Novice: 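Structure below; questions to follow.
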Amino acid sequence: MVVVSGLVCIYYNVIIAWTLHFLFSSFTSALPWANCDNAWNTENCTLAANHSALEENVTRISPTQEYWNNRVLGISSGIEETGTVQWELALCLLAAWVVVFFCLFKGIKSSGKVVYFTATFPYVVLLILLIRGVTLDGALEGIKFFIVPKWSQILNAKVWKDAAAQIFFSLSAAWGGLLTLASYNKFKNNTIHDALIVALTNCATSVFAGFVIFSILGHMALKLNVTVPEVAKSGFGLAFVAYPEALTLLPISPLWAIIFFLMLFTLGLDSQFTIVETVATAICDGWPALLRQKKWLVMLSIAVCCYLLAMPCLTHAGIYHVQLIDSYAGTYPLIIVAIMECIGISYLYGLRRFCKDIAMMAGYQPNYYWQANWAFITPALLTFVLIFSFVFHEDVSYGDYEYPLWAVTLGNLILVFCAIWIPGVAIFWIIVTPGSFMERLRKVTTPTDTWGPHLARHRDERYAHMANPSSGIGAKYTPNDGTKL
């Protein structure tokens, strides 16, 4: 989880940097992507109003698409043509990391206050955009496209993989983010209640945002005299091409653009806070005596390292690097981690023991619905999605661009690098643990003597004789049978 979060926090702030670029460019009387009279436009640039006058064999390129490709990205023809670092994006990325650092350098004390704004402001903006969107002509067609299922796509492996990635991203499941933030709760916190609220709120927000997006895309399709699928792009194209173009069709478009990209910025910060906090907390908890009082230094180190490592994502081939890492680090590894979590909790640690641990905090044990999901339903469904995705896997691409073999190989190595730590750490402990193979296997699948509630007043009789848990992972491994390495 920490490895995946570490890789994602490198490129995720690049997406926030793109958002800042659009946000800063919106403070003008006329949006720069609303016309074809700029230095970055080509002869193929065509305004929406002139779309119907084009010949059938002429491909229309919107000014928004050209602004995104030529002005923001300065996109090259492929990942092999790196080019130079674009200084405007470098400054935007620096600004993004400065904001992240100062919001997190005091840990949960500082980020908790900031999140009150970053978590609630997007809902205000979404409500404003929804009211505006549903009052536009053509909004109903866009909403129909959003809510009416296409059963022909049910066997499309990419759909299932993307759906799983969306849930994992929005819920932070298998990232470690939920575990990190939950670790700051009071011990007697009802985690079952919280889990329900988080899951239901997340899904409701996604549906709510869908109505906002597709109501305005429906209006855009009507204006262009095309169908909704023709304007509804996926991935980065939705946030940085389709929706910005739709905003140009609204009255006082700069105002709506500022509101929209400010919302994207706060949404991105929320996710980045969680990702960075996960990495920092894992490092500090690993060596608490050394680093816990110097968390600001850990945060600073993460910010500086991730900023420097993101330099390739700021070049003319930057979008190809972001797409590559996102495709291989942000999907399959999360599914694998989630499956291993379910198996580890249910069959190695023990489902009964886990439920008793939850009862110590929540006051009651999870019912059979939760237990069935952890032990059978969730791992079975995720295994199906994983195998289905691998069988019908398509190599990464960006638009019409197909990545070369070396880039696809690099992507597969990223996937392996994220997942190999699970068996790698298990094999390491089996090797260094004394005893026969079966004794080693029993010891490494048994909680250590430091496992349990941190404070003595929270421990029940099962943890009455546990050792001091404050030494962190730097201490020697001690199974609960007393054997020391």
Side-chain angles (χ1 to χ4, degrees), residues 1-2 107-108 112 172-199 277-278 281-282 284-289 292 337-379 425-426 429 433 435 438-485:
M1 291 186 289
V2 178
I108 201 68
S172 291
W175 288 92
L178 289 176
L179 299 178
T180 301
L181 298 181
S183 68
Y184 293 101
N185 282 329
K186 295 180 179 179
F187 185 82
K188 296 294 184 179
N189 184 68
N190 192 335
T191 53
I192 301 174
H193 180 260
D194 288 353
L196 283 172
I197 291 178
V198 169
E277 185 69 43
T278 298
T281 300
C284 293
D285 285 355
W287 295 271
R292 188 162 288 172
V337 169
I339 294 172
M340 292 298 102
E341 281 183 334
C342 291
I343 293 175
I345 289 294
S346 300
Y347 302 105
L348 296 180
Y349 183 72
L351 195 57
R352 287 186 179 180
R353 178 186 293 162
F354 184 59
C355 290
K356 289 179 180 179
D357 289 343
I358 293 177
M360 281 196 305
M361 298 178 286
Y364 60 95
Q365 291 195 21
N367 58 37
Y368 289 118
Y369 167 78
W370 293 95
Q371 297 180 42
N373 271 282
W374 292 329
F376 307 108
I377 300 174
T378 299
V425 172
W429 283 114
T433 301
M438 293 306 298
E439 288 174 339
R440 296 178 183 184
L441 192 61
R442 179 182 59 81
K443 290 176 182 178
V444 299
T445 55
T446 302
T448 65
D449 62 349
T450 59
W451 172 254
H454 186 82
L455 300 178
R457 66 174 181 269
H458 295 146
R459 302 168 191 168
D460 61 14
E461 64 277 1
R462 294 178 301 138
Y463 298 106
H465 303 291
M466 64 174 285
N468 179 19
S470 300
S471 52
I473 63 173
K476 290 186 177 182
Y477 176 80
T478 309
N480 63 1
D481 60 358
T483 304
K484 294 181 182 282
L485 297 186

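Computed from a predicted structure; not experimentally measured.
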Novice: For side chain to side chain contact (heavy atoms under 4.5 Å, CB included), just list the numbers for Asp460 and Lys356, CA-CA rounded to whole Å, side-chain angles, deciding distance to a tenth of an Å, and then say yes or no.
Specialist: CA-CA 10 Å; Asp460 61 14; Lys356 289 179 180 179; 5.7 Å; no
Novice: Parallel, tilted or perpendicular: which describes the rings of Phe187 and His458, with under 30° parallel and over 60° perpendicular?
Specialist: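 Aromatic pair Phe187/His458 classed parallel.
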Novice: Check for a donor-acceptor pair, side chain of Thr281 on one end and backbone N or O of Thr278 on the other, with a separation under 3.5 Å.
Specialist: no
Novice: Is it the case that over 12 heavy atoms from other parts of the model lie below 6.0 angstrom from the CZ atom of Arg462?
Specialist: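 Enclosed: over 12 neighbouring heavy atoms sit under 6.0 Å from CZ of Arg462.
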Novice: Say you draw a straight line from OG1 of Thr450 to CE of Met466; how long is it, rounded to the nearest 0.5 Å?
Specialist: 6.5 Å
Novice: So which atom in Ala282 and which in Val2 form the shortest heavy-atom distance, rounded to 0.1 Å?
Specialist: CB-CG2, 3.5 Å
Novice: If we only count heavy atoms from C-beta on, is the Met1 to Leu179 side-chain gap below 4.5 Å?
Specialist: yes
Novice: Can you check whether Met360's main-chain N or O pairs, donor with acceptor, with Asp357's side chain at less than 3.5 Å?
Specialist: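 No: the side chain of Asp357 does not pair with the backbone of Met360.
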Novice: Distance from His454 atom NE2 to Ser183 atom OG, nearest 0.5 Å?
Specialist: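 Output value for this atom pair is 12.0 Å.
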Novice: Within this structure, what is the CG-OG1 distance for the pair Leu348 and Thr446, rounded to the nearest 0.5 Å?
Specialist: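 Those atoms lie 10.0 Å apart.
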Novice: Measuring from Tyr347:OH to Cys342:SG, what's the distance to the nearest 0.5 Å?
Specialist: 9.0 Å
Novice: Looking at Ala375 and Leu351, what are the two nearest heavy atoms and their distance?
Specialist: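 The answer is CB-CD2, 4.1 Å.
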Novice: Within a reach of under 6.0 Å around OH of Tyr369, are more than 12 heavy atoms found that belong to other residues, nucleotides or ligands?
Specialist: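 Counting neighbours around OH of Tyr369, 12 or fewer heavy atoms of other residues, nucleotides or ligands fall under 6.0 Å, so no.
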Novice: When rounded to the nearest 0.5 angstrom, what distance separates CD1 in Ile345 from CZ in Arg353?
Specialist: 10.5 Å
Novice: Kindly say whether Ala456 contributes a backbone atom to a donor-acceptor pair with the side chain of Tyr463 at under 3.5 angstrom?
Specialist: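 Checked: no pair found.
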Novice: For Gly435, is there any backbone N or O sitting under 3.5 Å from a side-chain donor or acceptor partner on Arg440?
Specialist: yes
Novice: Tell me whether Lys186 at atom NZ has more than 12 heavy atoms from other residues, nucleotides or ligands lying less than 6.0 Å away.
Specialist: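 No, NZ of Lys186 has 12 or fewer neighbouring heavy atoms, counting only those of other groups under 6.0 Å.
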Novice: Is there a donor-acceptor pair closer than 3.5 Å between any side-chain N or O of Thr378 and the backbone N or O of Asn373?
Specialist: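 Such a contact is found between Thr378 side chain and Asn373 backbone.
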Novice: Assess the residue pair Val337 and Trp175 against the criterion (side chain to side chain contact (heavy atoms under 4.5 Å, CB included)); give the C-alpha distance rounded to whole Å, side-chain angles, the decisive distance to 0.1 Å, and a yes or no.
Specialist: CA-CA 8 Å; Val337 169; Trp175 288 92; over 6 Å; no
Novice: If I compare all heavy atoms of Gln365 with all of Ala359, which pair ends up nearest, and what's the gap?
Specialist: CG-CB, 3.6 Å
Novice: Which heavy atom of Thr191 sits nearest to which heavy atom of Ala362, and what is that distance?
Specialist: N-CB, 4.4 Å
Novice: Measuring from Phe376:CZ to Ser346:OG, what's the distance to the nearest 0.5 Å?
Specialist: 8.0 Å
Novice: Please report the closest heavy-atom contact between Trp374 and Pro366, naming both atoms and the distance.
Specialist: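 Of all heavy-atom pairs spanning Trp374 and Pro366, the closest is CH2-CG, 3.7 Å.
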